[in-house]
Amino acid sequence: MRFVELIEKKKAGKSFTKAEIDFWIEGYCKGDIPDYQVSALCMAICFQGMDRQETAWLCEAMLNSGSRMDLSDISGCICDKHSTGGVGDKTSLALAPMVAACGAKVAKMSGRGLGHTGGTLDKLESISDFKIVQKEADFIKQVNEINLAIIGQSKKLVPADRLLYGLRDVTATVDSIPLIASSIMSKKLASGADTILLDVKYGKGAFMLTLEKAQELAKTMISIGAHFHKDTRAVITSMNQPLGRAIGNVLELKEAIDTLQGKGPKDFTQLCMEMGSIMLMQANIAQDKKTSSEMLHGAISSGKAFEKLKEMCAYQGGDVKQLENPNLLPKAKHIIPMPSLHEGYIKGLHAQQLGIAAMRLGAGRATKQDQINHAVGIVLQHKTGDYVKQGDCLAFIHTDSELSEEWKHDFYEAISYSKESVEPDTLIAKTIDSNE
Ligand code: URA
């Protein structure tokens, strides 16, 4: 087989066989196929796509490029969730303890943030001494003992994805549904959970700009899950405005703590409740939505969900006192209010622009090598649909340095107004619970 023929084949819009896909991934991982040929193929896939069968085979080949977590020593159903990434998305920090407090096992591997989106590991590392690296045996023991562990992804899993993603990132070939679906699902499947719940975001701060594209991505990932006989479901949610109010690591951790104590923002709480309900049903802990949401409400009102976060923190070496008293978490030097320049209904809070604004404060990374500042970020005081008068505080900016005129200009550019009242997007646009 010559790789150039595979590029020709995809360029002509034809489908690959399993052997051809295995040849590609094995050859690329061994270093037999150069980057420039794989970039050309990825670009052809961006234009011609891949059918569901090819996408599942690609995911399988990527999965087989490394080892898989063996979680068979964990008793009970192990649930995992994944978000395709957004601004202010601290869902794992609240949702994982909530479902773990209801009896589900969560053995989760998470990632770091890049660009305008944040990562769960960075948020957890806002806690002093919190360890995101663990021996496999300790990870399993922790989940057996307290139902919950969140660590960084092992480098042994899916090396093909690391190579391919690095290449796609610099060749404008990230935004292809089959490439995204196989990349995400290979990592989820390698992590070894029994069930997977996907939060596929659409809108101004997401990979998928439209609801239709997000649905297509969700269905593609669910069909990969079906290929591997894994219960895989999805919620499709809006990322036109940031989730909740806080953007930035410590600030988001505090918002997750508030949510675990029943004092979180409405939209974020709603998402955690919806996803938690589905996860408890996937784990067969609850048979219907009513029961699962009662269980989740109970876990919050009894304090058990917050206790779970503290237990995980203690097991992973973190300073539990900082969770009990979030004032002990790192603080920015300045908290600057941003007054509204106009009067009217807030029509848009551009999620991506606000994510980039937070990144420029130091909350995120422009490149993988960048160091982040856990304390800084943005706390919105209003969301889409709210009415504000000129001078009302739109947001508090937590920063270690003065805000430049350019930064303020870009912040205000992210906000649009309307004279007419505005109905915000429905946060949860759809749930998909079977392979359609
Ligand atoms: N996230 C991933 O893990 N992979 C992609 O291809 C895109 C987003």
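Indexing begins at 1, ligand by ligand and atom by atom, following the structure's order. Nothing fancy with the numbering, it's 1 onward along the sequence.
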Peer 1: Might you confirm whether atom NZ of K230 has over 12 heavy atoms from other residues, nucleotides or ligands at distances under 6.0 Å?
Peer 2: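 Yes, enclosed.
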Peer 1: Could you tell me which residues satisfy ring-ring contact (aromatic ring centres under 6.0 Å, His included) with Y417, sequence neighbours excluded, listed by chain and number?
Peer 2: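 With neighbours one apart ignored, the set is H342.
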Peer 1: Write out the protein residues near ligand 1, meaning a non-hydrogen atom under 4.0 Å from one of its atoms, in order of chain and number.
Peer 2: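 Within 4.0 Å of ligand 1, protein side: Y165, R168, I180, S183, I184, K187, F207.
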Peer 1: Search all heavy atoms of I247 against all heavy atoms of P242 and return the closest pair with its distance.
Peer 2: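 That closest heavy-atom pairing would be CD1-CG, 3.9 Å.
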Peer 1: Regarding K10 and the six-membered ring of F16, is the cationic atom NZ or CZ under 6.0 Å from the ring centre and inside 45° of its axis?
Peer 2: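 Yes, K10 lies over the aromatic ring of F16.
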Peer 1: If a pair satisfies side-chain hydrogen bond (donor to acceptor under 3.5 Å, both in side chains) and one of its residues is in residues 278-287, list it, with sequence neighbours excluded.
Peer 2: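 Counting only pairs at least two positions apart or across chains, the side-chain hydrogen bond (donor to acceptor under 3.5 Å, both in side chains) contacts touching residues 278-287 are D231-Q282.
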Peer 1: Test of understanding: with ring-ring contact (aromatic ring centres under 6.0 Å, His included), list the residues that count as partners of F23, not counting sequence neighbours.
Peer 2: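 Result, ring-ring contact (aromatic ring centres under 6.0 Å, His included) vs F23: none returned.
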